[in-house]
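First up is the structure itself, then whatever we jot down about it.
All values below come from the heavy atoms of this structure, side chains included, with hydrogens, waters and symmetry mates left out.
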Amino acid sequence: MANVEVHRRSDILPASPSHPHKCKLTYSDLHYLYAIYNQKCLLYSMPNNTIQDFESTVDQLKRSLSQTLVSFYPLAGRLKTCDGMVYIDCNDKGAEFIEAYAPDIGLAEIMAENFPHQIFALNGALNIDGHFMPLLVVQLTKLRDGIALAFTINHAVADGTSIWHFMRSWAQLCREPSNIPIIPLNTRCFSTKYPIKLNLQHPSTRTGSLDYFSQPPLIEKVFHFSGQTIFRLKKEAMDAYKDESFSISSYQALCGHIWQSITRARGLSPNETTALKLTVNCRPRIVPPLPNSYFGNALQVVGATLTAGELLGSGRACAALILHRKISTHQDAQIRVELDKPPTIVHMNDFISKNSIRVGGSPRFPIYDNDFGWGRPLGCRSGCKFDGKVFTYPGSEGLGSVDVEVCLVPQTMTALESDQHFLFPFNH
């Protein structure tokens with residue numbers, strides 16, 4: 001794959017200054033301090049894009065980003081720690097905007113598999129590094145036949161719901177300058193009372209002690225599930241428990257299917273354990289509920305662990321039921337039990353547990369609403385991968401379809417691709 005050449009870097013400040021203050025990180029925010037920055041990339045077709053057109057697009061994006069940061073001002077700050085408490089110092093130091101060129105790379109190569117991670121900034125940066133570097137870095141890369149709009153956001157500052165709220169607001173201001181329709185709620189809720197100890201090191205002096213940075217070769221692929229397949233997955237699960245009062249969701253049925261399929265592809269012995277972990281959005285689950293406009297992390301991790309024999313010895317419906325029970329019972333009482341504990345800061349190595357699967361993203365995220373004036377994106381890709389990492393996105397055609405981005409070691413990916421029951425579970 002050809003290289004990506006960085007052309008220029010710019011600091012983007014809010015168009016008008018915010019009131020300086022410190023925003024204390026919450027229990028959910030602190031969980032991600034030693035994880036990697038969140039990286040997403042939207043891909044747009046621009047077959048006749050000239051250098052002049054690209055430069056005009058850059059100017060348009062910079063202006064509208066500056067305006068968007070007025071409302072989303074935490075993204076223009078830096079992290080700061082004082083007496084064991086971690087804050088966002090809302091000091092308007094700004095975000096970074098990078099212009100890059102990759103004339104030998106086309107959209108087809110990026111959409112297919114193993115796209116060049118040079119389209120992202122801050123590769124390998126941990127969220128704790130937000131003490132020394134921007135909390136938001138945007139990289140716009142001119143491709144042979146389009147552009148890649150990649151954004152790297154500190155995960156201790158914002159979760160997926162907040163990130164896509166920010167992106168939709170930016171897209172609207174870029175497309176038609178006006179007021180942001182839904183102003184973010186920047187007041188943090190559920191701040192922890194427990195001080196934490198951090199070993200603050202500048203990224204340039206940190207040794208490569210994390211296993212994440214010495215991973216084996218990985219393969220990344222996107223698998224498409226039509227709305228009809230998703231419907232049938234859910235129907236199969238519901239039919240198996242039709243006499244029960246609960247309702248298994250499409251997402252739970254899909255995650256159960258992915259869990260079984262990857263475990264089968266890994267060829268685990270029956271007594272080896274396997275886990276699936278995912279995050280739940282606590283905004284609608286807590287009492288009283290938080291608005292979707294709450295800007296920050298309102299996530300908690302839920303999951304299930306079984307032996308491979310237990311998981312594969314049961315049908316897809318059983319795997320979906322196990323996840324349904326874990327997710328549906330994670331409501332206000334359980335959320336508050338977690339919030340009352342000292343914060344658990346998960347190191348990157350803990351995200352890469354042997355034989356585990358970690359699902360991120362959501363088919364509900366408004367990826368295809370991000371029209372900056374050039375039309376809808378063709379698709380979305382993620383950075384920050386490891387063996388067993390799975391991202392879910394809505395399919396581009398809608399109608400309940402889902403794209404599943406999977407990262408696995410080559411041997412497991414080969415087995416998954418040859419498993420006809422994975423992509424076409426109802427044709428056999």
Under a 3.5 Å threshold, yes or no: a donor from one side chain and an acceptor from the other, between Asn123 and Gln39? yes
Using the ring of each side chain (for Trp, its six-membered ring), is Tyr393 parallel, tilted or perpendicular to Phe391, with breaks at 30° and 60°? parallel
Gly94 and Leu13 have their tightest heavy-atom pair at CA-CD2, 3.8 Å
How long is the span from the OH atom in Tyr32 to the CG atom in Leu25, to the nearest 0.5 Å? 13.0 Å
Any donor-acceptor pair under 3.5 Å from Gln118 side chain to Asn3 backbone: no
Working to the nearest 0.5 Å, report the span between CG of Leu33 and NE2 of His155. 11.5 Å
Using only heavy-atom distances, determine whether the side chains of Thr26 and Asp29 contain a donor-acceptor pair under 3.5 Å. yes
Any sub-3.5 Å donor-acceptor pair from Arg358's side-chain atoms to Lys277's backbone N or O? no
Within this structure, what is the CG-OG1 distance for the pair Asp89 and Thr81, rounded to the nearest 0.5 Å? 11.0 Å
Please name the residue in the list Leu136, Ile153, Leu135, Val157 that meets the side chain to side chain contact (heavy atoms under 4.5 Å, CB included) test with Tyr37. Leu135
Main-chain N/O of Ser314 paired with Gln260 side-chain donor or acceptor, under 3.5 Å: yes
Test of ring centre spacing under 6.0 Å for Phe190 and Tyr27: no
Ring centres under 6.0 Å, that's the criterion: do Phe422 and Phe223 meet it? yes
Ring centroids only, cut at 6.0 angstrom: are Phe151 and Trp164 within range, meaning strictly under it? yes
Euclidean distance, Thr152 OG1 relative to Ile36 CD1, rounded to 0.5 Å: 11.0 Å
Using the ring centroid of each side chain, check whether Phe295 and His165 are separated by less than 6.0 Å. no
Kindly state whether the ring of Trp170 and the ring of Phe72 have centres lying under 6.0 angstrom apart. no
Report yes if some heavy atom in the side chain of Gln172 is under 4.5 Å from a heavy atom in the side chain of Ser178; otherwise report no. yes
Kindly compute the distance separating CG (Leu254) from NE2 (His257), expressed to the nearest 0.5 Å. 7.5 Å
Ring centres under 6.0 angstrom apart (His21, Tyr73): yes
How far does OG of Ser356 sit from NZ of Lys389, to the nearest 0.5 angstrom? 10.0 Å
Testing Val138, Thr141, Val137 one by one against Ile98 for a side chain to side chain contact (heavy atoms under 4.5 Å, CB included), which residue passes? Val137
